[in-house]
Amino acid sequence: MDTARLVEGLHEHTAGFAKAVAGVDPEARVPTCPEWPLRVLVGHIGQAHRWAADIVQAGPTPVPEPFDADPGSPGEWSNWLHEGAADLTDAVLTAAEDPVWTFFGPRPATFWLRRMLHDTTVHHADAAFATGTAFEVAPDLAADAISEWLELLSDPVTPTLKPAFSALRGTGQTLQLRPDTGLGWLITRTPDDGVRWVRATDTADATLAGPIGQLLLVLTRRLPAGQVTITGDRDLADHWLEHTAA
């Protein structure tokens with residue numbers, strides 16, 4: 001996905017997020033982030049965009065605590081959120097393809113644009129579900145979000161950051177993600193290399209099939225597994241969903 005589309009997607013979902021939280025009680029609970037009131041979810045998004053921009057511009061900085069973020073009064077939320085997204089896109093466009101720090105070693109600055117886009121998309125869904133507003137994600141963005149998540153899960157650094165992901169190792173079991181449009185994802189759980197995947201539509205031990213936006217939200221535990229069709233080894237599918245919580 002090119003940089004222009006990543007920028008467009010980030011601003012699209014930041015705007016959707018801002019619209020979803022407008023005029024809502026800041027202390028309203030977020031069912032899909034049960035430990036957070038809405039003000040913390042808002043704070044996290046604006047804080048994360050600024051944190052990523054700082055990394056692009058100046059190097060690594062400690063991961064911020066969402067409860068420490070101050071998004072201002074609810075009437076200021078929209079401007080504050082848009083300013084954070086603008087800070088990030090400006091930083092990335094200025095850096096171009098220069099390598100910057102990431103948890104996985106030096107990567108192009110667009111790494112953080114892509115990471116924040118997909119984090120914002122999923123949290124846009126959180127906000128929409130909490131406030132009863134509509135949520136939609138374009139198929140190309142949903143597909144890239146799934147690919148990016150699998151890239152992170154399959155990186156050898158990931159288990160050192162979150163040891164629980166080591167449970168995804170297996171003995172060759174396969175899982176197919178089959179969207180309603182385009183190629184699917186064929187995931188193999190290996191004993192030594194952990195998660196491996198390719199874009200392919202093929203037979204597998206377990207298959208999750210459905211509209212691509214719903215697949216994304218099931219994979220990120222924003223919708224229950226029953227929102228997609230699961231065939232084959234249900235225990236394998238359930239184990240995957242249980243052990244891939246972000």
Side-chain angles (χ1 to χ4, degrees), residues 1-21 30 32-33 41-42 44-46 48-53 56 78 81-82 84-93 97 102 104 107-131 133-155 176-187 197-201 208-223 225 227-228 241 244-246:
M1 182 168 290
D2 65 26
T3 301
R5 182 62 177 127
L6 295 173
V7 169
E8 181 183 45
L10 179 69
H11 287 287
E12 175 185 334
H13 282 283
T14 299
F17 182 96
K19 183 177 180 179
V21 301
V30 181
T32 46
C33 298
L41 182 64
V42 173
H44 166 66
I45 291 297
H49 291 173
R50 289 166 171 83
W51 173 68
V56 171
S78 181
L81 289 164
H82 284 289
D87 286 350
L88 174 57
T89 55
D90 288 348
V92 170
L93 292 175
E97 291 301 303
T102 80
F104 307 95
R107 300 281 179 89
T110 49
F111 170 92
W112 286 110
L113 178 61
R114 189 182 184 212
R115 178 81 290 275
M116 290 298 109
L117 160 60
H118 298 318
D119 188 58
T120 302
T121 299
V122 172
H123 285 313
H124 176 194
D126 291 327
F129 296 155
T131 61
T133 53
F135 172 80
E136 291 185 3
V137 55
D140 64 329
L141 296 182
D144 193 63
I146 292 172
S147 289
E148 192 240 10
W149 182 227
L150 291 175
E151 288 171 18
L152 297 180
L153 286 177
S154 62
D155 193 291
Q176 170 77 58
L177 310 178
R178 184 170 295 163
D180 56 344
T181 179
L183 279 176
W185 293 260
L186 182 64
I187 301 163
W197 64 280
V198 294
R199 289 301 303 269
T201 300
L208 281 70
I212 194 165
Q214 287 181 231
L215 269 179
L216 172 63
L217 295 180
V218 168
L219 291 171
T220 54
R221 260 77 59 212
R222 267 54 190 189
L223 286 176
Q227 293 295 309
V228 297
L241 294 173
T244 53

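Positions are given from 1 along the sequence. All values below were derived from every heavy atom in this structure, side-chain atoms included, with hydrogens, water molecules and symmetry-related copies excluded.
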Inset, instruction - Run the numbers on His49 and Asp87 for side-chain contact (heavy atoms from CB on, under 4.5 Å), then give the verdict. - result: CA-CA 7 Å; His49 291 173; Asp87 286 350; over 6 Å; no
Inset, instruction - Would you give the length of the straight line joining atom OG1 of Thr120 to atom CG of Leu141, rounded to the nearest 0.5 angstrom? - result: 11.5 Å
Inset, instruction - First locate atom OG1 of Thr110, then atom CE of Met1, and finally report the distance between them rounded to the nearest 0.5 Å. - result: 12.0 Å
Legend entry - From CA spacing to verdict: side-chain contact (heavy atoms from CB on, under 4.5 Å), Arg5, Asp140: CA-CA 10 Å; Arg5 182 62 177 127; Asp140 64 329; 2.7 Å; yes
Inset, instruction - Quick one: list whatever passes side chain to side chain contact (heavy atoms under 4.5 Å, CB included) with His124, sequence neighbours left out. - result: His13, Phe17, Phe135
Legend entry - For the student: nearest non-hydrogen atoms of Pro139 and Thr181, plus distance: CB-CG2, 4.4 Å
Inset, instruction - Answer yes or no: is there a side-chain heavy-atom contact under 4.5 Å between Arg178 and Leu215? - result: no
Legend entry - Residues which pass side chain to side chain contact (heavy atoms under 4.5 Å, CB included) with Arg114, listed by chain and number, not counting sequence neighbours: Leu6, His118, Asp144, Ser147, Glu148, Glu151
Inset, instruction - Nearest 0.5 Å please: distance from the CG atom of Leu183 over to the OG1 atom of Thr201. - result: 5.0 Å
Legend entry - Residue pair Ala128 / Ala134: nearest heavy atoms and the distance that separates them: CB-O, 3.9 Å
Inset, instruction - Check Ala145 against Leu216 and note the closest heavy-atom contact, atom names and distance. - result: CB-CD1, 3.8 Å
Legend entry - Side-chain heavy atoms of Ile146 within contact of Ile212, under 4.5 Å: yes
Legend entry - Gap separating the OG1 atom of Thr102 from the CZ atom of Phe111, nearest 0.5 angstrom: 4.5 Å
Legend entry - Nearest non-hydrogen partners of Trp149 and Thr244, listed with the distance: CZ2-O, 3.2 Å
Legend entry - Any Asp126 side-chain heavy atom under 4.5 Å of His123 side chain: yes
Inset, instruction - May I ask you to test the Arg222-Cys33 pair for a side-chain heavy-atom distance under 4.5 Å? - result: yes
Inset, instruction - Can you see which heavy atom on Glu97 is nearest to which on Pro108, and at what distance? - result: OE1-CB, 3.4 Å
Legend entry - Any donor-acceptor pair under 3.5 Å from Gln176 side chain to Ile187 backbone: no
Legend entry - Euclidean distance, Arg115 CZ relative to Leu88 CG, rounded to 0.5 Å: 12.0 Å
Inset, instruction - Measure across Ala209 and Val228 and return the closest heavy-atom pair with its distance rounded to 0.1 Å. - result: O-CB, 3.3 Å
Legend entry - From Leu241 atom CG to Thr220 atom OG1, the distance as rounded to the nearest 0.5 Å: 10.0 Å
Inset, instruction - Check the pair Thr89 / His11 against side-chain contact (heavy atoms from CB on, under 4.5 Å), numbers first and verdict last. - result: CA-CA 9 Å; Thr89 55; His11 287 287; 3.4 Å; yes
